[in-house]
K.L.:
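One structure, pasted below without further comment.
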Amino acid sequence: MKHSFFGTFAFMAGTALGAGTPAADSGWPVYGGNAASQRYSGLAQIDRANVATLKEAWRFDAGSGGLQTSPIVIGGTLYAYAADQSVIALDAATGREKWRFHSGVPGFQPARGLTWWSHGGEKRLFVASAHYLYALDPESGRPVSGFG
């Protein structure tokens, strides 16, 4: 059974976020699009002249339920919550699942607690599950030892 848009992630062919281009890194790095939460991307690949020609590039079934999440895209990877409150990492160009993390703590929708941190060579994906905060290795999806 197909789920509504709220239970799937769909990307359109020709968009920078789904094209695997360097622009994918700057497309949607934080909740709300940017630090000011303007929900706007300055990417110019889609305009009034070509919007009618867009086609779906991929679709990912995030499970059944009332999914409410705000994915972020960093380094060509889309990070988001699935309907079961697991955190997923998808290849933004293909929609292929890279990893999935579930804390084992039952969560509730909406789930918007994803944020990115980096300093020097260190990178972390911070995620919330109920009243817990996890620091995940963004490459593997495993919790960072020594955090919390």
Side-chain angles (χ1 to χ4, degrees), residues 2-46 50-51 54-105 107-130 132-148:
K2 290 286 182 190
H3 301 286
S4 69
F5 179 75
F6 295 104
T8 61
F9 297 106
F11 273 72
M12 307 306 285
T15 66
L17 294 180
T21 64
D25 294 345
S26 61
W28 208 260
V30 297
Y31 173 78
N34 60 27
S37 197
Q38 293 175 314
R39 292 170 171 73
Y40 169 80
S41 172
L43 301 174
Q45 286 87 346
I46 301 172
N50 66 14
V51 71
L54 293 177
K55 300 205 180 344
E56 186 174 285
W58 58 262
R59 179 178 295 253
F60 180 85
D61 186 348
S64 61
L67 181 64
Q68 295 182 38
T69 187
S70 292
I72 60 174
V73 178
I74 305 289
T77 300
L78 180 146
Y79 300 97
Y81 286 96
D84 68 355
Q85 299 296 292
S86 59
V87 179
I88 54 175
L90 306 177
D91 181 302
T94 66
R96 180 187 60 80
E97 185 175 319
K98 293 181 169 186
W99 55 257
R100 182 181 293 253
F101 168 79
H102 198 292
S103 68
V105 176
F108 305 97
Q109 294 291 342
R112 298 184 182 108
L114 290 169
T115 194
W116 180 265
W117 174 86
S118 65
H119 180 73
E122 290 187 73
K123 299 174 185 173
R124 302 285 184 267
L125 179 67
F126 289 98
V127 300
S129 180
Y132 297 98
L133 179 66
Y134 294 87
L136 302 180
D137 175 337
E139 295 298 317
S140 69
R142 289 189 292 270
V144 174
S145 64
F147 176 79

K.L.:
Taking all atoms of both residues into account, what is the closest heavy-atom pair of Tyr79 and Leu125, and its distance?
P.N.:
CD2-CD2, 3.5 Å
K.L.:
Going through the checks in order, is the side chain to side chain contact (heavy atoms under 4.5 Å, CB included) test met by Arg100 and Asp84?
P.N.:
CA-CA 11 Å; Arg100 182 181 293 253; Asp84 68 355; 4.0 Å; yes
K.L.:
Any chance you could measure Trp116, atom CH2, to Leu136, atom CG, to the nearest 0.5 Å?
P.N.:
10.5 Å
K.L.:
Is it the case that over 12 heavy atoms from other parts of the model lie below 6.0 angstrom from the OH atom of Tyr132?
P.N.:
no
K.L.:
Counting only heavy atoms not in Lys123, do more than 12 sit closer than 6.0 Å to its NZ atom?
P.N.:
no
K.L.:
Could you point out which residue of Tyr81, Phe101, Trp99, Phe60 forms a side-chain contact (heavy atoms from CB on, under 4.5 Å) with Ile88?
P.N.:
Phe60
K.L.:
May I ask you to check whether over 12 heavy atoms, not counting those of Glu139, lie within 6.0 Å of atom CD?
P.N.:
no
K.L.:
Nearest heavy-atom pair of Val144 and Asp137: which atoms, and what distance?
P.N.:
CG2-N, 3.8 Å
K.L.:
Within the side chain of Trp58, is there an N or O that forms a donor-acceptor pair under 3.5 Å with the backbone of Ala92?
P.N.:
yes
K.L.:
If you measure from CG on Leu90 to OG1 on Thr77, what distance do you get to the nearest 0.5 Å?
P.N.:
8.5 Å
K.L.:
Does the plane of the ring in Trp117 sit parallel, tilted or perpendicular to the ring in Phe126? Use 30° and 60° as the thresholds.
P.N.:
perpendicular
K.L.:
Which value, rounded to the nearest 0.5 Å, describes the distance between Leu78 atom CG and Arg96 atom CZ?
P.N.:
13.0 Å
K.L.:
How close do His102 and Gln85 get, counting heavy atoms only, and between which atoms?
P.N.:
CD2-C, 4.2 Å
K.L.:
Please report the closest heavy-atom contact between Asp61 and Gly63, naming both atoms and the distance.
P.N.:
OD1-N, 2.8 Å
K.L.:
Quick one: closest heavy-atom pair of Ala82 and Ala62, and the distance?
P.N.:
CB-O, 3.5 Å
